[in-house]
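Structure record follows, encoded as structure tokens.
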Amino acid sequence: FEEAKTGLGCFKNRLKSWLSWSWTYVCAVWFAMVLTMIYVLRSPLKLQESVTAASVFLNTLTPKFYVALTGTSSLISGLILIFEWWYFRKYGTSFIEQVSVSHLRPLLGGVENSSSAGLFTSASGEVEQRPSVSECKVWRNPLNLFRGAEYSRYTWVTGREPLTYYDMNLSAQDHQTFFTCDTQQLKPEDTVMQKAWRERNPQARIRAAYQALELNHETRHSSCQTRCAAAYVLLAEEEATTIVEAERLFKQALKFGMHHIRPHPQSDMRAGKDTNLLVYIKRRLAMCARKLGRIKEAVKMMRDLMKEFPLLGMLNIHENLLEALLELQAYADVQAVLAKYDDISLPKSATICYTSALLKARAVSDKFSPEAASRRGLSTAEMNAVEAIHRAVEFNPHVPKYLLEMKSLILPPEHILKRGDSEAVAYAFFHLQHWKRAEGALNLLHCTWEGTFRIIPYPLEKGHLFYPYPGCTETADRELLPSFHEVSVYPKKELPFFILFTAGLCSFTAMLAMLTHQFPDLMGIFVKAFFNTLFAPLGFFADKMESFMPSCLWYQLTRI
């Protein structure tokens with residue numbers, strides 16, 4: 001029964017595709033038959049007399065009529081242009097194209113409309129409803145740089161601010177959520193650190209951290225040591241101008257924080273905050289080791305951290321581990337990590353998708369040649385690599401331009417938007433070197449990545465392997481990325497065809513109205529010559545048909 005049901009579904013799909021393919025040819029044949037019948041029945045329908053009467057009527061019209069006609073056409077097309085432009089600015093699409101997409105394309109066998117965007121095909125082939133998710137949720141960048149040692153140095157050299165206020169404000173909220181406890185009995189150090197995270201001026205934040213350390217030394221209360229650790233974290237992030245200095249301050253923060261990772265009698269919330277602080281410090285120490293070239297030590301610290309705190313998967317520590325393993329060229333270990341985290345039930349990221357594509361491309365890229373592949377076809381391994389690249393590009397289409405150096409990179413922000421330009425910048429900033437190290441991988445990416453867009457011609461309505469591409473990424477990326485960076489937009493919001501067509505029609509008719517008003521006689525001669533030239537091929541075709549067909553047959557057809 002299942003086989004018969006599957007076969008029937010395949011037959012329906014083939015029939016539907018054949019009908020939509022043949023629709024164009026059916027319309028062309030129908031149009032040719034209509035023209036033939038009109039020509040054959042020109043005598044019974046008195047078409048020649050009608051054409052003569054129409055020509056006499058047009059000859060009697062004065063130039064004022066043509067001026068009024070072209071002026072009215074220009075006015076109507078101008079009103080349509082204004083409405084189309086208003087609709088495009090408000091909804092991002094053309095009204096006429098939207099109507100055609102919603103009502104005409106389904107009738108012609110096109111893709112389904114956006115109402116099916118929440119559906120996906122399960123492994124059994126059945127269509128299921130997916131739960132709605134937040135399209136534009138902002139995530140903490142797992143590989144964010146150090147403000148004092150990296151972001152500030154960029155500002156000193158270029159005079160540009162690599163971080164936006166919106167991005168830094170999100171980081172301040174994260175620090176308050178992770179490191180401070182909302183209790184009624186706040187210590188002075190707690191109040192100072194809460195204020196420190198909210199300060200907009202970096203020097204004010206650093207002064208507040210030193211103030212918290214001074215208050216801590218004065219009170220000498222054991223429960224305040226974690227606040228002291230938070231102050232060292234702020235100094236390591238903001239004041240340290242080198243990675244070595246940042247690592248020293250993080251080690252001091254770790255020394256204070258290690259004594260208080262245990263259940264507190266006051267509340268379990270304080271224990272959770274202390275755990276978050278400890279995980280943050282250890283992770284940043286691992287990143288310091290990675291930046292200082294102690295990669296094996298960094299990998300060990302990340303593995304221990306993931307094993308010690310397995311429930312903190314939302315921090316995406318595995319993305320730090322993947323990047324470090326790629327630097328070691330431990331591709332077997334990278335594949336093992338991907339096997340655990342590239343699961344259908346887990347959220348995806350550009351790091352997951354593009355690392356998987358890199359591993360598959362690396363296996364075939366050194367011998368890949370576009371010319372040879374076009375002659376003999378793709379092998380199974382090459383097909384798997386191409387499909388992995390298409391999967392990665394569908395998830396985040398902004399990455400290839402950075403990997404292929406078609407677009408300049410900037411420092412990654414502290415927060416990213418998945419599937420957005422901010423995530424593409426963050427991924428390419430750290431992983432471009434790994435793609436360059438794999439011989440031929442970038443060549444394979446260059447030859448195949450644009451084929452993804454042929455698979456998903458309407459990405460905002462229906463995806464292939466993922467949800468339809470969210471349309472709100474541009475707004476969020478402009479908040480996260482600095483103003484001097486040209487935000488990548490996908491799909492590119494170009495002016496719809498009907499807006500350009502209406503603008504051209506409006507301009508053309510206005511020009512005709514002006515010329516007809518200024519030179520009525522000359523425009524009349526021009527119009528007659530234009531139509532005579534336009535209908536000359538039709539008359540030539542009719543004369544040839546009369547000379548080619550037998551006179552008796554042609555006479556009988558004209559008498560039908």
Side-chain angles (χ1 to χ4, degrees), residues 111 116-123 125 127-128 130 133 135 139 316 318-319 322-323 326 331 334-365 368 370 373 377-404 416-428 430-432 434-435 438 440-470 473 488 490-491:
V111 298
S116 62
L119 302 178
F120 77 103
T121 304
S122 63
V127 177
E128 302 177 5
R130 268 185 168 168
V133 296
E135 290 183 338
W139 298 73
N316 297 323
H318 59 276
E319 296 195 10
L322 283 173
E323 197 279 328
L326 285 173
Y331 296 110
V334 173
Q335 185 61 55
V337 176
L338 285 178
K340 181 178 180 181
Y341 289 96
D342 193 4
D343 187 81
I344 191 173
S345 61
L346 297 177
K348 298 294 182 291
S349 65
T351 301
I352 294 291
C353 294
Y354 278 90
T355 302
S356 178
L358 174 61
L359 294 186
K360 293 182 179 179
R362 176 181 166 272
V364 298
S365 59
F368 177 78
L378 295 175
S379 64
T380 303
E382 290 174 340
M383 183 61 70
N384 292 335
V386 171
E387 290 178 353
I389 289 175
H390 285 179
R391 170 179 179 257
V393 174
E394 180 183 351
F395 181 83
N396 194 318
H398 308 282
V399 173
K401 286 190 176 182
Y402 294 106
L403 293 181
L404 298 173
I416 59 174
L417 181 67
K418 288 192 175 183
R419 308 187 73 177
D421 189 34
S422 52
E423 184 191 32
V425 169
Y427 172 80
F430 293 99
H431 289 262
L432 176 59
H434 306 316
W435 280 83
L442 289 176
N443 179 44
L444 181 60
L445 176 68
H446 174 72
C447 296
T448 57
W449 72 280
E450 290 182 330
T452 309
F453 307 134
R454 293 190 291 270
I455 301 175
I456 45 173
Y458 303 99
L460 297 178
E461 302 169 27
K462 186 177 181 180
H464 181 61
L465 298 173
F466 298 99
Y467 290 116
Y469 189 80
T473 56
S488 176
Y490 172 79

Considering only heavy atoms from C-beta outward, does the side chain of [X] approach that of [Y] to under 4.5 Å?
X	Y	answer
Met383	Glu387	yes
His318	Ile352	yes
Leu460	Pro468	no
Leu404	Trp449	yes
Tyr427	Tyr402	no
Val393	His390	no

Heavy-atom pair with the smallest gap, counting every atom of [X] and [Y]:
X	Y	value
Tyr469	Pro397	CE1-CD, 3.7 Å
Ala392	Ala357	CB-CB, 4.4 Å
Leu442	Leu403	CD2-O, 3.7 Å
Glu382	Gly377	OE1-O, 4.2 Å
His398	Ala424	CB-CB, 3.6 Å
Pro491	Pro459	CG-CG, 4.2 Å

Original post:
Would you call the rings of Tyr490 and Phe453 parallel, tilted or perpendicular, where under 30° means parallel and over 60° means perpendicular?
Top reply: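 If you compare the ring of Tyr490 with that of Phe453, the planes turn out tilted.
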Original post:
Can you tell me if Thr452 and Glu394 form a side-chain donor-acceptor pair at under 3.5 Å?
Top reply: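 There is no such pair between these side chains.
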Calculate, to the nearest 0.5 Å, the distance between atoms [atom1] and [atom2] belonging to [X] and [Y] respectively.
X	Y	atom1	atom2	result
Asn443	His446	CG	NE2	7.5 Å
Cys447	Phe368	SG	CZ	5.0 Å
Tyr331	Thr355	OH	OG1	11.0 Å
Lys360	Gln335	NZ	CD	7.5 Å

Subject >> Short side-chain to backbone donor-acceptor contact, Asn384 and Thr380, under 3.5 Å >> reply: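 A pair under 3.5 Å: yes.
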Subject >> Criterion side-chain contact (heavy atoms from CB on, under 4.5 Å) on His434 and Leu358, from CA distance to verdict >> reply: CA-CA 9 Å; His434 306 316; Leu358 174 61; 4.2 Å; yes
Original post:
Picking from Glu423, Lys348, Arg419, Lys418, what satisfies side-chain hydrogen bond (donor to acceptor under 3.5 Å, both in side chains) with Asn396?
Top reply: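 Going through Glu423, Lys348, Arg419, Lys418 one by one, the side-chain hydrogen bond (donor to acceptor under 3.5 Å, both in side chains) with Asn396 is satisfied by Glu423 alone.
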Subject >> Residues Trp139, Leu417; criterion side-chain contact (heavy atoms from CB on, under 4.5 Å); working and verdict >> reply: CA-CA 6 Å; Trp139 298 73; Leu417 181 67; 6.0 Å; no
Original post:
Yes or no on side-chain contact (heavy atoms from CB on, under 4.5 Å) for Ile389 and Tyr354, after CA distance, side-chain angles and deciding distance?
Top reply: CA-CA 7 Å; Ile389 289 175; Tyr354 278 90; over 6 Å; no
**OP:** Output yes when Lys401 and Asp421 qualify as a salt bridge under the 4.0 Å nitrogen-oxygen rule, no when they do not.
**Re:**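 So Lys401 does not pair with Asp421 through a salt bridge.
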